[in-house]
Trainee: 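Below you'll find the structure I mean.
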Protein chains: 2
Amino acid sequence: MDIPQPIISTVDIVLLLIKDERLCVTLSKRDKDPYENQEALPGGYIHAEEDRDCLDAAVRILRQKTGLLPPYLEQLKTFTGAARDPRGWSISVAYFALVDADLILSSANPGLTICPVDALRRLPFDHNEIIAAAVDRIRNKSQYSSLPCYLAGETFSLPRLQKIYEACLGEALHKVSFRRKMDELGVLEAVPGQTESAGAHRPAQMYRLKSEFKNQLKLLVRGL
Amino acid sequence: MDIPQPIISTVDIVLLLIKDERLCVTLSKRDKDPYENQEALPGGYIHAEEDRDCLDAAVRILRQKTGLLPPYLEQLKTFTGAARDPRGWSISVAYFALVDADLILSSANPGLTICPVDALRRLPFDHNEIIAAAVDRIRNKSQYSSLPCYLAGETFSLPRLQKIYEACLGEALHKVSFRRKMDELGVLEAVPGQTESAGAHRPAQMYRLKSEFKNQLKLLVRGL
DNA sequence: CCAAGTTAGTTACAATTTGCAACTAACAAA
DNA sequence: TTTGTTAGTTGCAAATTGTAACTAACTTGG
């Protein structure tokens, strides 16, 4: 009675970045059958012979489609069902990745598009829903963690980081509170001597993630 | 080149409850091949013909194995890979469910065991890891949400609810802070006239979830 | 070289939230 | 009616947060 059925198993990736102070998602032109040539989340089949697990598959697909390994990558949520893919009952394990925009723009990828998450048209499959889940996640985690730092480059000024947080949260933040919170999170360190001159005003001190947080998220949640 | 491979697709459920003021997980005796007769998370194959999606499968499996539909059920995380199941490369979409202990104990299920999450022996597959993810999640959400209310019954006193929160969090809470937080969350309402006499002392007021939160989690996260 | 304009960053303080101790309330049992 | 026990409240100190007003450091234009 309990016989496994063939189910399409894929991985999709929501690669977020900041462009023009807006939260954007990376779309890739589909090169195969369903929805060929349409823009969709970068994704692909799980290769049971090749991938040790889904994270492996996500890394492989990211490298294939974008040519980079983002500094932050975690599982987002799994989307399943008979209705989401015209090929039949499918499972898509969605991943959530953050990257500095400069990395992706510099490694000029032809098939890639960067689109603001609040200006998306209707995408194939349930990809709008997947992106919505990713936006939800970054909104939530931006409230109490240093996650958005992975959207900045190696070094960045606090005013720029604040703009990134504001893009993630979709609301303006108060300067003093923001800086206090960053200080208290304790994940940043000033880069000695390095400043950023961005116009006719005082230059900003540059910061970077402390090395122990380079590949790890520090969650600081307040007690009950 | 990109050919889908047959991958075993299953759903596993972490059904949590409070017994003797401890956070416990529901285990089910396996009736089939790998690890037959061993205790493991209740789970089963996804039935592509029958289940519309994984949540559907989770509900079906819950009904089959426990005979109930918990008041809280959400996707937890997906566990994948070649190493986790002796049958081969597998995907398990894990679900996270909460239930009042009285419900499960009263509907006396033969094949079920209730085991404290901090007293588990080595389980089949990667089920220890899945349970750890569930405990992480309830720990996290217990800090800022009313999630543990789903572990209480229809009505409950605040002292009992506090004990439930403490079991979830693994630490003692201060009475006044706890009650203030519950008040501020605004998800509870006193049941008029109803009190609980639990010994030679003042009886406690009974509360219940406001009806608008019966099947929904209210997340209250503090701003940056 | 100095004044004006602009953004970076700090300080000071009020408002709010939290942790904690000490209280009162309501029951059972002796 | 006194005692013990837990329920629930009150009041205040400590910590955190929001906000305005400040100083700092630069560029540009006279």
Side-chain angles (χ1 to χ4, degrees), chain A residues 20-21 142-146 149 152-153 155-167 169-208 218-224, chain B residues 20-21 142-146 149 152-153 155-167 169-208 218-224:
Chain A
D20 301 331
E21 301 191 354
S142 295
Q143 295 191 284
Y144 55 83
S145 82
S146 55
C149 294
T155 68
F156 43 83
S157 67
L158 287 184
R160 190 168 101 81
L161 186 61
Q162 182 175 343
K163 290 256 189 300
I164 291 173
Y165 267 83
E166 289 171 341
L169 291 165
E171 64 181 3
L173 298 175
H174 288 276
K175 183 172 55 168
V176 180
S177 302
F178 175 75
R179 299 172 90 99
R180 243 189 320 228
K181 187 66 81 178
M182 280 300 134
D183 186 50
E184 154 189 318
L185 280 172
V187 299
L188 300 184
E189 63 185 2
V191 184
Q194 200 177 335
T195 57
E196 173 191 59
S197 303
H201 54 81
R202 177 174 175 172
Q205 173 64 52
M206 297 298 274
Y207 290 82
R208 63 179 164 225
K218 184 172 190 186
L219 290 177
L220 288 184
V221 184
R222 321 204 64 242
L224 197 80
Chain B
D20 302 330
E21 302 190 352
S142 295
Q143 295 190 286
Y144 56 84
S145 84
S146 55
C149 295
T155 68
F156 43 83
S157 67
L158 287 184
R160 188 168 103 77
L161 187 60
Q162 183 175 342
K163 290 257 189 302
I164 292 173
Y165 266 83
E166 288 171 342
L169 291 165
E171 64 180 3
L173 298 174
H174 288 275
K175 185 173 52 168
V176 180
S177 301
F178 175 75
R179 299 173 89 97
R180 240 187 324 225
K181 188 66 82 176
M182 278 302 133
D183 187 50
E184 155 188 318
L185 279 172
V187 299
L188 300 184
E189 63 186 0
V191 184
Q194 199 178 334
T195 57
E196 173 191 59
S197 302
H201 54 82
R202 174 173 178 175
Q205 173 65 53
M206 298 299 276
Y207 291 82
R208 64 177 164 229
K218 184 173 191 184
L219 289 178
L220 289 185
V221 185
R222 323 204 63 242
L224 196 80

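Every value quoted in this text rests on a predicted model; they were computed, and no experiment measured them. Chain identifiers are assigned alphabetically (A, B, ...) following the order of the sequence lines, protein sequences preceding nucleic acid strands; residue numbering begins at 1 within each chain.
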Trainee: Please tell me which of the listed nucleotides, D:dT17, D:dA25, D:dT10, lies nearest to the side chain of B:V176?
Mentor: D:dT10

Trainee: From B:I164 CD1 over to B:L158 CG, what is the distance, rounded to the nearest 0.5 angstrom?
Mentor: 11.0 Å

Trainee: OP1 or OP2 of D:dT17 versus the side-chain N and O atoms of A:S177: is any pair under 4.0 Å?
Mentor: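 Answer is no, no contact under 4.0 Å.
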
Trainee: Roughly how far apart are A:Q162 CD and A:Y165 OH, rounded to 0.5 Å?
Mentor: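 Answer rounded to 0.5 Å: 11.0 Å.
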
Trainee: State which of D:dT17, D:dA7, C:dA8 makes the closest approach to the side chain of A:R202.
Mentor: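 That would be C:dA8.
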
Trainee: Between D:dT9 atom C1' and B:D183 atom CG, what is the distance in whole Å?
Mentor: 12 Å

Trainee: How long is the line joining CE of B:M182 and C1' of D:dA7, in whole Å?
Mentor: 17 Å

Trainee: In this structure, how many angstroms lie between the C1' atom of D:dT19 and the NZ atom of A:K175, rounded?
Mentor: 11 Å

Trainee: Is the distance from OP1 or OP2 of D:dC26 to the nearest side-chain N or O of A:S197 less than 4.0 Å?
Mentor: no

Trainee: Just the rounded figure in Å: distance from C1' of D:dA7 to CD of B:E196.
Mentor: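 One finds 11 Å between C1' of D:dA7 and CD of B:E196, rounded.
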
Trainee: If the plane angle is over 60° it's perpendicular, under 30° parallel, otherwise tilted; pick one for B:Y144 and A:Y144.
Mentor: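 The arrangement is tilted - the two ring planes meet at 30° to 60°.
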
Trainee: Among D:dG8, C:dG5, D:dG18, which nucleotide sits nearest the side chain of A:A200?
Mentor: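 My answer, after comparing the listed nucleotides, is C:dG5.
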
Trainee: Short question: side chain of B:E189, backbone of B:R208 - any donor-acceptor pair under 3.5 Å?
Mentor: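 Here the side-chain-to-backbone pair does not exist.
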
Trainee: Calculate the interatomic distance between B:L161 atom CG and D:dA7 atom P; express it in whole Å.
Mentor: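 Interatomic distance, CG of B:L161 to P of D:dA7: 13 Å.
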
Trainee: With a 3.5 Å distance limit and no angle check, can you tell me whether A:E166 reaches the backbone of A:L173 through a side-chain donor-acceptor pair?
Mentor: yes

Trainee: Give the rounded distance in Å between these two atoms: CZ of B:R160 and P of D:dT6.
Mentor: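 It is 17 Å, rounded to the nearest whole Å.
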
Trainee: How many Å lie between CD on B:Q162 and C1' on D:dT6, as a whole number?
Mentor: 12 Å

Trainee: Of A:H174 and A:G199, whose nearest nucleotide on DNA chain D comes first from the 5' end?
Mentor: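 Nearer the 5' end of the strand: A:H174.
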
Trainee: Closest to the B:A204 side chain: D:dG8, D:dC26, C:dC27?
Mentor: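 Per side-chain heavy atoms of B:A204, the pick is D:dG8.
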
Trainee: Nearest-Å distance, CD (B:Q143) to P (C:dT18)?
Mentor: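 Atom-to-atom, B:Q143 to C:dT18, this comes out as 13 Å.
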
Trainee: Between A:R179 and A:H201, just flag the one whose closest nucleotide in DNA chain C comes earlier from the 5' side.
Mentor: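 Taking each residue's closest nucleotide, the earlier one in sequence belongs to A:H201.
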
